[in-house]
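Positions are given from 1, in the same order as the sequence printed here. As the structure lists them, so they are numbered: ligands from 1, and atoms in each ligand from 1.
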Amino acid sequence: MAEILTPKNPLRLVVLISGTGTTLQNLIEHISARKLPAEIRLVISSKGDAPGLDKARRAGLPAEIIERRRSASLEQFSQAIFDRCRQAQADLVCMAGFLHLLQIPEDFQNRVMNIHPALLPAFGGKGYYGLRVHEAVLAYGCKVSGCTVHFADNEYDHGPIILQRVVPVLDDDTPQSLAARVFAEECEAYPEAIRLFAEGRLRVEGRRVRILPRPRR
Ligand code: GRF
């Protein structure tokens with residue numbers, strides 16, 4: 001069944017992090033430069049010592065810690081997170097370097113996005129995070145890599161793909177140099193996908209996400 005999402009301005013976001021928060025920082029900068037019609041209502045970190053928490057606090061954003069290890073099950077962990085998302089009245093939940101699987105409840109289907117630093121379905125799934133992704137791309141001998149923004153579902157790096165951007169892999173690349181080239185594309189792709197969502201221009205048809213044209217004025 002196709003679903004058209006209604007436009008929202010500003011779009012209310014909850015951002016989920018586990019680590020350094022560079023993706024969070026990029027969203028903060030896009031919002032403050034008025035390039036993204038959104039507000040971050042809450043940042044939730046799955047790690048108490050995630051450096052991304054400082055980035056949230058420095059930007060004056062409310063930030064909370066919900067640690068996976070404190071929940072007895074994935075169900076409980078997911079419930080704790082989505083309860084807070086509901087309280088924060090989130091229109092969209094953005095995973096930003098968030099390292100855990102979640103069980104997405106009915107009311108958040110197609111309302112959770114993730115960004116992955118490779119061209120899915122290659123080099124995704126459990127264990128593919130951080131530099132490991134780029135090491136695997138280089139070890140395989142790929143000539144291109146890139147990033148994927150997708151709706152999250154109940155499997156790692158699996159839901160319907162919204163946008164992908166491609167970068168070349170160069171002969172002298174290291175995992176770090178490739179990561180930097182991919183990250184530069186991530187910094188454009190994630191805000192672009194969120195903007196399309198805010199404009200109500202994403203239509204999910206099974207695994208396919210259609211991008212609707214801008215409405216005429
Ligand atoms: C990015 O490569 C992103 O694709 C992935 O996590 C990395 C960023 O982590 N999902 P962080 O935002 O620096 O914690």
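- Listed by first and then second residue, the salt bridge (Lys or Arg N to Asp or Glu O under 4.0 Å) pairs that reach into residues 144-170 are Arg165-Glu185, Arg165-Glu192, sequence neighbours excluded.
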Side-chain atoms of residues 120-139: list all donor-acceptor pairs with protein atoms under 3.5 Å, sequence neighbours left out, distances to 0.1 Å.
{"residue": "Tyr129", "atom": "OH", "partner": "Arg132", "partner atom": "NH2", "Å": "3.3"}

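- Screening residues 45-93 for ring-ring contact (aromatic ring centres under 6.0 Å, His included) gives Phe77-His100, Phe82-Phe108 as the qualifying pairs, with residues at least two apart or on separate chains.
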Hey, what polar pairs (N/O, under 3.5 Å) does ligand 1 make with protein?
{"residue": "ligand 1", "atom": "2 (O)", "partner": "Glu186", "partner atom": "OE1", "Å": "3.4"}
{"residue": "ligand 1", "atom": "2 (O)", "partner": "Glu186", "partner atom": "OE2", "Å": "3.2"}
{"residue": "ligand 1", "atom": "4 (O)", "partner": "Ile115", "partner atom": "O", "Å": "3.4"}
{"residue": "ligand 1", "atom": "4 (O)", "partner": "Glu186", "partner atom": "OE1", "Å": "2.7"}
{"residue": "ligand 1", "atom": "4 (O)", "partner": "Glu186", "partner atom": "OE2", "Å": "3.4"}
{"residue": "ligand 1", "atom": "10 (N)", "partner": "Ile115", "partner atom": "O", "Å": "2.8"}
{"residue": "ligand 1", "atom": "12 (O)", "partner": "Thr22", "partner atom": "N", "Å": "3.1"}
{"residue": "ligand 1", "atom": "12 (O)", "partner": "Thr22", "partner atom": "OG1", "Å": "3.4"}
{"residue": "ligand 1", "atom": "12 (O)", "partner": "Thr23", "partner atom": "N", "Å": "2.9"}
{"residue": "ligand 1", "atom": "12 (O)", "partner": "Thr23", "partner atom": "OG1", "Å": "3.0"}
{"residue": "ligand 1", "atom": "13 (O)", "partner": "Thr20", "partner atom": "OG1", "Å": "2.4"}
{"residue": "ligand 1", "atom": "13 (O)", "partner": "Gly21", "partner atom": "N", "Å": "3.4"}
{"residue": "ligand 1", "atom": "13 (O)", "partner": "Thr22", "partner atom": "N", "Å": "3.0"}
{"residue": "ligand 1", "atom": "13 (O)", "partner": "Thr22", "partner atom": "OG1", "Å": "2.4"}
{"residue": "ligand 1", "atom": "14 (O)", "partner": "Thr20", "partner atom": "N", "Å": "3.1"}
{"residue": "ligand 1", "atom": "14 (O)", "partner": "Thr20", "partner atom": "OG1", "Å": "3.4"}
{"residue": "ligand 1", "atom": "14 (O)", "partner": "Gly21", "partner atom": "N", "Å": "2.9"}

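- A distance-only check finds a donor-acceptor pair linking the side chain of Asn26 to the backbone of Cys187 [under 3.5 Å].
- Contact check on Glu67 versus Lys47 returns no salt bridge, with no Lys/Arg side-chain nitrogen under 4.0 Å from an Asp/Glu carboxylate oxygen.
- Residues Glu75 and Gln79 have side chains that never bring a donor and an acceptor to within less than 3.5 angstrom of each other.
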